[in-house]
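Computed from a prediction, not measured in an experiment: that's the story for all the values here. Throughout, a chain's letter reflects where its sequence line sits, starting with A, and its residues are numbered from 1.
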Amino acid sequence: MSKVIFSTKQKHPVGKRRCTFCTNQMRDIDYKDVPTLKHFMNGFQKIKGRYYTGACLSHQKKLSKAIKRARHLALVPFTN
Amino acid sequence: MATKKEAARVLEAVDRKYELALILQPELLSSAVEKKLKEFEAYLSENGASVDMKDIWGKQELAYPIAKHDQGIYVIYNVTLPSTFNKELDEHLRIDKDVIRFLLITVADDYEYQEYEEEVTPAETEKVDDKASKSTSHKADDSPKKAEVKDKGKKADAKSLDKKLDSILEGDDLKV
(Lines give C-alpha, C1' and ligand atoms only; values in the text may rest on other atoms or scores of the structure.)
Protein backbone atom coordinates (compact mmCIF):
# COMPACT_ATOMS: atom_id res chain seq x y z
CA MET A 1 0.00 0.00 0.00
CA SER A 2 1.28 3.42 -0.89
CA LYS A 3 1.98 5.83 1.91
CA VAL A 4 -0.90 8.09 2.81
CA ILE A 5 -0.17 11.59 3.96
CA PHE A 6 -2.52 12.62 6.74
CA SER A 7 -2.89 16.26 7.55
CA THR A 8 -5.11 17.50 10.32
CA LYS A 9 -4.51 21.17 9.65
CA GLN A 10 -7.47 23.07 8.31
CA LYS A 11 -6.64 24.07 4.78
CA HIS A 12 -10.13 24.26 3.42
CA PRO A 13 -13.34 25.81 4.74
CA VAL A 14 -15.88 23.53 6.37
CA GLY A 15 -18.00 22.92 3.31
CA LYS A 16 -15.14 21.91 1.02
CA ARG A 17 -13.31 19.49 3.29
CA ARG A 18 -13.12 15.83 2.36
CA CYS A 19 -12.46 12.85 4.62
CA THR A 20 -8.87 11.59 4.14
CA PHE A 21 -9.96 7.99 4.75
CA CYS A 22 -12.68 8.21 2.11
CA THR A 23 -10.37 9.76 -0.47
CA ASN A 24 -7.76 7.05 0.10
CA GLN A 25 -10.42 4.30 0.11
CA MET A 26 -9.49 2.97 3.53
CA ARG A 27 -12.50 0.95 4.61
CA ASP A 28 -11.29 -0.05 8.05
CA ILE A 29 -8.85 1.48 10.50
CA ASP A 30 -6.66 -0.99 12.31
CA TYR A 31 -5.74 -0.64 15.98
CA LYS A 32 -2.26 -2.00 15.22
CA ASP A 33 -1.54 0.86 12.83
CA VAL A 34 0.00 3.12 15.46
CA PRO A 35 1.74 5.66 13.17
CA THR A 36 -1.53 6.65 11.49
CA LEU A 37 -3.39 6.74 14.80
CA LYS A 38 -0.83 9.16 16.20
CA HIS A 39 -1.73 11.69 13.51
CA PHE A 40 -5.18 11.97 15.03
CA MET A 41 -4.07 12.48 18.60
CA ASN A 42 -3.41 15.58 20.57
CA GLY A 43 -0.26 16.72 22.35
CA PHE A 44 -1.99 15.42 25.48
CA GLN A 45 -2.70 12.12 23.63
CA LYS A 46 -6.41 12.86 23.40
CA ILE A 47 -8.44 12.01 20.34
CA LYS A 48 -8.80 15.02 18.06
CA GLY A 49 -12.29 16.17 17.23
CA ARG A 50 -13.94 15.94 13.85
CA TYR A 51 -13.43 19.68 13.38
CA TYR A 52 -9.66 19.07 13.30
CA THR A 53 -9.40 15.62 11.73
CA GLY A 54 -11.80 16.42 8.89
CA ALA A 55 -12.99 12.79 8.89
CA CYS A 56 -16.55 11.82 8.05
CA LEU A 57 -18.75 10.57 10.87
CA SER A 58 -18.41 6.85 10.17
CA HIS A 59 -14.63 7.07 9.86
CA GLN A 60 -14.32 9.22 12.97
CA LYS A 61 -16.20 6.55 14.92
CA LYS A 62 -13.94 3.81 13.55
CA LEU A 63 -10.91 5.95 14.38
CA SER A 64 -11.95 6.52 17.97
CA LYS A 65 -12.66 2.82 18.39
CA ALA A 66 -9.24 1.90 16.99
CA ILE A 67 -7.50 4.36 19.31
CA LYS A 68 -9.37 3.01 22.33
CA ARG A 69 -8.35 -0.54 21.42
CA ALA A 70 -4.74 0.53 21.01
CA ARG A 71 -4.90 2.20 24.43
CA HIS A 72 -6.18 -1.00 26.00
CA LEU A 73 -3.19 -2.89 24.57
CA ALA A 74 -0.73 -0.18 25.72
CA LEU A 75 0.35 0.60 22.18
CA VAL A 76 -0.67 4.21 22.75
CA PRO A 77 -0.81 6.07 26.08
CA PHE A 78 -4.00 7.30 27.71
CA THR A 79 -2.44 10.59 28.74
CA ASN A 80 0.85 12.30 28.37
CA MET B 1 -40.71 -22.27 23.15
CA ALA B 2 -39.42 -25.02 20.94
CA THR B 3 -38.95 -22.62 18.07
CA LYS B 4 -36.88 -20.29 20.24
CA LYS B 5 -34.65 -23.15 21.37
CA GLU B 6 -34.16 -24.27 17.81
CA ALA B 7 -33.21 -20.74 16.84
CA ALA B 8 -30.66 -20.67 19.64
CA ARG B 9 -29.21 -23.95 18.44
CA VAL B 10 -28.85 -22.56 14.94
CA LEU B 11 -26.98 -19.55 16.33
CA GLU B 12 -24.69 -21.79 18.35
CA ALA B 13 -23.28 -23.48 15.31
CA VAL B 14 -21.86 -20.32 13.73
CA ASP B 15 -18.09 -20.11 13.26
CA ARG B 16 -16.62 -16.65 13.14
CA LYS B 17 -13.25 -15.09 12.49
CA TYR B 18 -11.59 -13.40 15.41
CA GLU B 19 -8.39 -11.56 16.08
CA LEU B 20 -6.77 -12.24 19.42
CA ALA B 21 -3.97 -10.10 20.82
CA LEU B 22 -2.07 -11.23 23.90
CA ILE B 23 0.49 -9.49 26.05
CA LEU B 24 2.62 -11.95 27.98
CA GLN B 25 4.91 -11.32 30.92
CA PRO B 26 8.31 -9.95 29.86
CA GLU B 27 10.17 -12.22 32.28
CA LEU B 28 9.30 -15.39 30.32
CA LEU B 29 12.18 -16.90 28.35
CA SER B 30 11.73 -17.63 24.65
CA SER B 31 11.48 -21.39 25.28
CA ALA B 32 8.86 -20.78 27.96
CA VAL B 33 6.90 -18.56 25.55
CA GLU B 34 6.90 -21.29 22.89
CA LYS B 35 5.75 -23.86 25.44
CA LYS B 36 3.02 -21.52 26.65
CA LEU B 37 1.75 -20.85 23.13
CA LYS B 38 1.80 -24.56 22.24
CA GLU B 39 -0.32 -25.33 25.26
CA PHE B 40 -2.66 -22.50 24.38
CA GLU B 41 -3.04 -23.72 20.79
CA ALA B 42 -3.74 -27.22 22.04
CA TYR B 43 -6.42 -25.75 24.30
CA LEU B 44 -7.92 -23.91 21.31
CA SER B 45 -7.99 -27.01 19.11
CA GLU B 46 -9.64 -29.01 21.91
CA ASN B 47 -12.55 -26.60 21.80
CA GLY B 48 -13.05 -26.71 18.05
CA ALA B 49 -11.04 -23.66 17.08
CA SER B 50 -8.49 -23.38 14.29
CA VAL B 51 -5.50 -21.06 14.09
CA ASP B 52 -5.23 -19.25 10.73
CA MET B 53 -2.30 -16.99 11.47
CA LYS B 54 0.15 -16.38 14.27
CA ASP B 55 2.54 -13.50 14.67
CA ILE B 56 4.96 -12.96 17.54
CA TRP B 57 6.05 -9.33 17.78
CA GLY B 58 8.48 -10.01 20.61
CA LYS B 59 9.34 -7.83 23.55
CA GLN B 60 8.10 -4.26 23.35
CA GLU B 61 7.91 -1.23 25.60
CA LEU B 62 4.45 -0.59 26.99
CA ALA B 63 2.98 2.89 26.78
CA TYR B 64 2.12 2.66 30.48
CA PRO B 65 2.96 0.07 33.15
CA ILE B 66 0.59 -2.91 33.39
CA ALA B 67 0.75 -4.98 36.58
CA LYS B 68 4.10 -3.33 37.41
CA HIS B 69 5.62 -4.43 34.10
CA ASP B 70 7.19 -1.86 31.77
CA GLN B 71 7.60 -4.33 28.88
CA GLY B 72 5.49 -7.07 27.35
CA ILE B 73 5.68 -9.84 24.77
CA TYR B 74 3.07 -9.23 22.08
CA VAL B 75 1.48 -12.18 20.27
CA ILE B 76 -1.29 -11.90 17.69
CA TYR B 77 -3.54 -14.69 16.46
CA ASN B 78 -6.14 -14.86 13.72
CA VAL B 79 -8.51 -17.66 14.68
CA THR B 80 -11.90 -19.03 13.78
CA LEU B 81 -13.91 -19.93 16.83
CA PRO B 82 -17.38 -21.27 17.43
CA SER B 83 -19.25 -18.23 18.70
CA THR B 84 -20.27 -19.92 21.98
CA PHE B 85 -16.62 -20.47 22.96
CA ASN B 86 -16.06 -16.73 23.52
CA LYS B 87 -16.92 -16.45 27.17
CA GLU B 88 -14.97 -19.53 28.10
CA LEU B 89 -11.89 -18.22 26.32
CA ASP B 90 -12.23 -14.86 28.06
CA GLU B 91 -12.41 -16.60 31.41
CA HIS B 92 -9.42 -18.80 30.56
CA LEU B 93 -7.26 -15.84 29.59
CA ARG B 94 -8.36 -13.72 32.54
CA ILE B 95 -7.34 -16.40 35.02
CA ASP B 96 -3.98 -17.03 33.32
CA LYS B 97 -1.25 -15.21 35.27
CA ASP B 98 1.26 -15.05 32.43
CA VAL B 99 -1.16 -13.09 30.24
CA ILE B 100 -1.13 -9.46 31.34
CA ARG B 101 -3.65 -8.16 28.79
CA PHE B 102 -5.66 -9.56 25.93
CA LEU B 103 -8.05 -8.32 23.28
CA LEU B 104 -10.49 -10.50 21.36
CA ILE B 105 -12.37 -8.83 18.52
CA THR B 106 -14.46 -10.03 15.63
CA VAL B 107 -13.09 -9.47 12.16
CA ALA B 108 -14.61 -9.42 8.68
CA ASP B 109 -14.53 -12.66 6.68
CA ASP B 110 -12.20 -11.22 4.02
CA TYR B 111 -9.82 -9.76 6.57
CA GLU B 112 -6.13 -9.94 5.76
CA TYR B 113 -3.46 -9.44 8.37
CA GLN B 114 -1.14 -6.51 7.77
CA GLU B 115 2.12 -5.57 9.39
CA TYR B 116 2.76 -1.95 10.22
CA GLU B 117 6.21 -0.53 10.63
CA GLU B 118 6.92 2.47 12.75
CA GLU B 119 7.38 5.58 10.68
CA VAL B 120 10.51 7.61 11.14
CA THR B 121 9.26 11.12 10.56
CA PRO B 122 11.47 13.19 8.24
CA ALA B 123 11.50 16.12 10.68
CA GLU B 124 13.22 14.03 13.35
CA THR B 125 15.91 12.76 11.03
CA GLU B 126 16.52 16.29 9.75
CA LYS B 127 16.78 17.56 13.30
CA VAL B 128 19.24 14.84 14.18
CA ASP B 129 21.27 15.60 11.08
CA ASP B 130 21.20 19.31 11.84
CA LYS B 131 22.29 18.70 15.38
CA ALA B 132 25.09 16.43 14.25
CA SER B 133 26.26 18.81 11.55
CA LYS B 134 25.96 21.81 13.87
CA SER B 135 27.84 20.09 16.62
CA THR B 136 30.58 18.98 14.27
CA SER B 137 30.72 22.34 12.53
CA HIS B 138 30.78 24.19 15.84
CA LYS B 139 33.58 22.04 17.08
CA ALA B 140 35.47 22.38 13.85
CA ASP B 141 34.92 26.14 13.61
CA ASP B 142 35.16 27.19 17.19
CA SER B 143 38.22 25.40 18.38
CA PRO B 144 40.70 27.11 16.03
CA LYS B 145 39.03 30.50 16.58
CA LYS B 146 39.28 30.14 20.32
CA ALA B 147 42.84 29.00 19.98
CA GLU B 148 43.61 32.02 17.84
CA VAL B 149 41.96 34.34 20.32
CA LYS B 150 43.91 32.79 23.14
CA ASP B 151 47.11 33.07 21.15
CA LYS B 152 46.44 36.72 20.40
CA GLY B 153 45.81 37.43 24.04
CA LYS B 154 48.98 35.64 24.99
CA LYS B 155 51.02 37.44 22.40
CA ALA B 156 49.58 40.79 23.36
CA ASP B 157 50.06 40.29 27.07
CA ALA B 158 53.28 38.30 26.89
CA LYS B 159 55.64 41.23 27.29
CA SER B 160 53.67 42.90 30.04
CA LEU B 161 53.29 39.57 31.85
CA ASP B 162 57.01 38.97 31.65
CA LYS B 163 57.68 42.34 33.16
CA LYS B 164 55.21 41.72 35.93
CA LEU B 165 56.74 38.33 36.65
CA ASP B 166 60.19 39.78 36.80
CA SER B 167 59.07 42.48 39.14
CA ILE B 168 57.37 39.96 41.40
CA LEU B 169 60.36 37.64 41.43
CA GLU B 170 62.75 40.46 42.12
CA GLY B 171 60.50 42.00 44.71
CA ASP B 172 60.69 41.15 48.40
CA ASP B 173 57.16 39.76 48.66
CA LEU B 174 58.11 36.20 47.76
CA LYS B 175 61.06 35.97 50.11
CA VAL B 176 58.90 36.25 53.18
- With the threshold set at 4.0 Å, does a side-chain nitrogen-carboxylate oxygen contact exist between A:K32 and B:D55?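 Result for this pair is no, no salt bridge flagged.
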
- Item | Greater than 12 external heavy atoms within 6.0 Å of A:K65's NZ | no

- Only counting residues at least two apart or in another chain, list the ones meeting side-chain contact (heavy atoms from CB on, under 4.5 Å) with A:C22.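 Result, side-chain contact (heavy atoms from CB on, under 4.5 Å) vs A:C22: A:C19, A:C56, A:H59.
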
For [X], is it the side chain, the backbone, both or neither that has a heavy atom under 4.5 Å from a heavy atom of chain A?
X	value
B:I100	neither
B:E115	neither
B:L62	both

- Item | Inter-residue atom distance B:L103.CG - A:Y31.OH, 0.5 Å rounding |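 OH of A:Y31 is found 5.0 Å from CG of B:L103.
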
- Side-chain heavy atoms of A:D30 within contact of B:Y113, under 4.5 Å: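 They are not in side-chain contact.
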
- Query: Should side-chain heavy atoms under 4.5 Å link Ile, Leu, Val, Met, Phe, Trp and Tyr, which residues sit in the same cluster as B:I73?
  - Reply: B:Y18, B:L20, B:L22, B:L24, B:L28, B:V33, B:L37, B:F40, B:Y43, B:L44, B:V51, B:I56, B:V75, B:Y77, B:V79, B:L81, B:F85, B:L89, B:L93, B:V99, B:F102, B:L104

- Stepwise side-chain contact (heavy atoms from CB on, under 4.5 Å) check, A:V34 with B:Y116: CA-CA 8 Å; A:V34 176; B:Y116 300 97; over 6 Å; no

- Apply ring pair (Phe, Tyr, Trp, His ring centres under 6.0 Å) to B:Y74 and list each qualifying residue two or more places apart in sequence or on a separate chain. B:W57

- Task: May I ask you to name which of B:I76, B:I105, B:I23 has the most heavy-atom pairs under 4.5 Å with chain A?
- Result: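 If we count pairs closer than 4.5 Å to chain A, B:I105 comes out on top.
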
- Hey, which of A:R27, A:Q45, A:K38 has the most heavy atom pairs under 4.5 Å with chain B?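 The candidate making the most pairs under 4.5 Å is A:R27.
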
- Message: At under 4.5 Å between heavy atoms, what parts of residues 67-80 of chain A are in contact with chain B? List them by residue number.
- Response: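 Heavy-atom contacts from residues 67-80 of chain A to chain B are A:R69, A:R71, A:H72, A:L73, A:A74, A:L75, A:V76, A:P77, A:F78.
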
